[in-house]
Amino acid sequence: MQHTGYFRPQSLAEAQALLAAHPDAQALAGGQSLLAAMKLGLCQPTHWVDLQDLPELQHITRHHDHLWIGAMVTHEAVVHSAEVQAWCPLLAHLAGGIADAQIRHVGTLGGSLANNDPAACWPAGVLACGATVVTTQREIPADDFFIGLFTTALQAGELILGVKFPPVASGHYLKYEQAASRFALVGVAVTRSAQHMVRVAVTGLGQGVMRWQAAEDALSAQWRVSALDGLFLADTEAMGDVHASASYRAHLAAVLCRRAVAHHTGESPTMPRGAKPRATPSVQTTVHATPPGHTLQGEHVLNADLLQVWQALLDPTILQMSIPGCSAMRLLKPNHYQATVKVGLGPVSAKFETLVQLHPDIAPTPGSTQARCGLDVSGQAGALGSGQAHVQVQLEQIGPHTRLHWSAQPQLQGTLAQLGNRLVQASAQRLSEQFFERFAQALSGEAPRGGAWFFFYALSQPLRRWWQHFFRK
Ligand SMILES: Cc1cc2nc3c(=O)[nH]c(=O)nc-3n(C[C@H](O)[C@H](O)[C@H](O)COP(=O)(O)OP(=O)(O)OC[C@H]3O[C@@H](n4cnc5c(N)ncnc54)[C@H](O)[C@@H]3O)c2cc1C
């Protein structure tokens, strides 16, 4: 078993330097999620960088336009903070409902947000409050911070310092607990600003926290439970698992939202009999879910002609540059590559030994406007399992540009298969965008930012996103 080193920096600068010097190190807050993930063999950081001695992350302070809660503030400290109670009681109530006293005394706000568990309570509170996550590099509005399942906007080595909560006039958080862990089977946070704008954030649906736009619109127009009559989430907005079906989760979201509003208005939260369901499949998501086993696809217009794009696709240097995080790539024989890929998503990370085989099915000839390339990828991640993807890439010359259409069908085995479909769905869109951004940069002669990675990332949307995030954690 790999030995994990331990650092206990005494300043933020030291913590940042340690994370920069050890790319496979991970920040350690209370270890509530990180250590559990390690025990399950889901990640193997080379070092822990323990944040508990950093004074910048420990405080709760009230400012004229926001409440500051440091990243290392524990849930229990939030429960008992007079500042929090005065500024936004929703937050104290939310923190008080997390797990049990032992967990609350050790688990932290920053750890919860960085982890972005799809059933966690804090992401709902932070999103509903329209808060801002402050990191060592920037300020990230909550709407941009939560990307999807176990995925956030945090970059490698970027630490959360704390969260700025703006004032809210009223708000409430309610969850229906998963009996064993007290995580939210579904949780709903509702806030209303002094300007009567309402935000509704739902956690526990399966793909990470989301805003429920239709409920927000209805409640901003009329702050009454009755404004929600007939309003339900579409079942397709939720995912089912051993704990609850998708339709049950969607139903719970509507029930909890009504109860959270009733908490303030004093009305009955009961849905009137015979209320006609309104068509509102309008959860505002940051990711696009794709049913398991579904073919993933996407399209991109590249600023280069067909021949240039074709040559770039077959050029291992450009491909490696385009895929963030590829630590090594080796040519085995023409169009056959071996790559080492580190995949990181939330607490899960794995090193894949990957074989990639390119099939240049229809190569472009002078004057032709179309070309086609296939790609078979297979990766082995030790005890975590394995994955394969067949990817089709079609190129079409359109004026001076080239349209690239890709489709992929990934398959996973082992432990990865249990996480895989959800990870794939959560990751697909962003990985795709990131790869093609890098690929376009490489085509134009710029070096993509960050490390290099592998081609099949780019083209197998699920595995791509998957792998790219896996890298950076
Ligand atoms: C049995 C159990 C029940 C739970 N029930 C609930 C519940 O009901 N509701 C709920 O919301 N949560 C629940 N949790 C989650 C728990 O409360 C913690 O919030 C969560 O596990 C994060 O733990 P942590 O703060 O110790 O972070 P860690 O486990 O130390 O870290 C988690 C991740 O965040 C990263 N990280 C930590 N701090 C930072 C930072 N400042 N900047 C950047 N990255 C950082 C780490 O590198 C790691 O990847 C439960 C946990 C357990 C074990």
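When a ligand or atom number is given, it counts from 1 through the structure's own listing order.
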Student: Heavy atoms only: which of Gly30, Cys121, Gly162 is nearest to atom 9 (N) of ligand 1?
Tutor: Cys121

Student: Under a 4.0 Å N-O cut-off, is there an ion pair linking Lys164 with Glu139?
Tutor: yes

Student: Given the rule in the salt bridge (charged side-chain N to carboxylate O under 4.0 Å, His left out) test, do Asp235 and Arg249 qualify, once you have shown the distances and angles that lead to the verdict?
Tutor: CA-CA 8 Å; Asp235 294 356; Arg249 283 196 159 93; over 6 Å; no

Student: Using distance alone, with no hydrogens and no angle criterion, decide if Ser81 and Glu83 have a side-chain donor and acceptor under 3.5 Å apart.
Tutor: no

Student: I want to confirm something. Looking only at heavy atoms, which of Gly111, Ala71, Ala95 is nearest to atom 27 (O) of ligand 1?
Tutor: Gly111

Student: I need the atoms of ligand 1 closer than 4.0 Å to a non-hydrogen atom of Ala99, numbered in the order shown.
Tutor: 3 (C), 4 (C), 5 (N), 7 (C), 8 (O)

Student: I'd like the name of whichever of Leu28, Leu113, Leu57, Ile103 reaches closest to atom 2 (C) of ligand 1 through any heavy atom.
Tutor: Ile103

Student: Answer with side chain, backbone, both or neither: which part of Leu51 has a heavy atom less than 4.0 angstrom from an atom of ligand 1?
Tutor: side chain

Student: I'd like to check whether His75 has a polar contact with ligand 1, where a contact means an N/O of the residue lying under 3.5 Å from an N/O of the ligand.
Tutor: yes

Student: Tell me the nearest of Gly97, Gly31, Gly157, Ala114 to atom 30 (O) of ligand 1, using heavy-atom distances.
Tutor: Gly31

Student: Looking only at side chains, do Asn115 and Ser33 share a donor and an acceptor under 3.5 Å apart?
Tutor: yes

Student: Can you list everything that forms a side-chain hydrogen bond (donor to acceptor under 3.5 Å, both in side chains) with His243? Sequence neighbours excluded, please.
Tutor: Gln178

Student: Checking contacts here: is it the side chain or the backbone of Arg104 that comes within 4.0 Å of ligand 1, counting heavy atoms only? Could be both or neither.
Tutor: neither

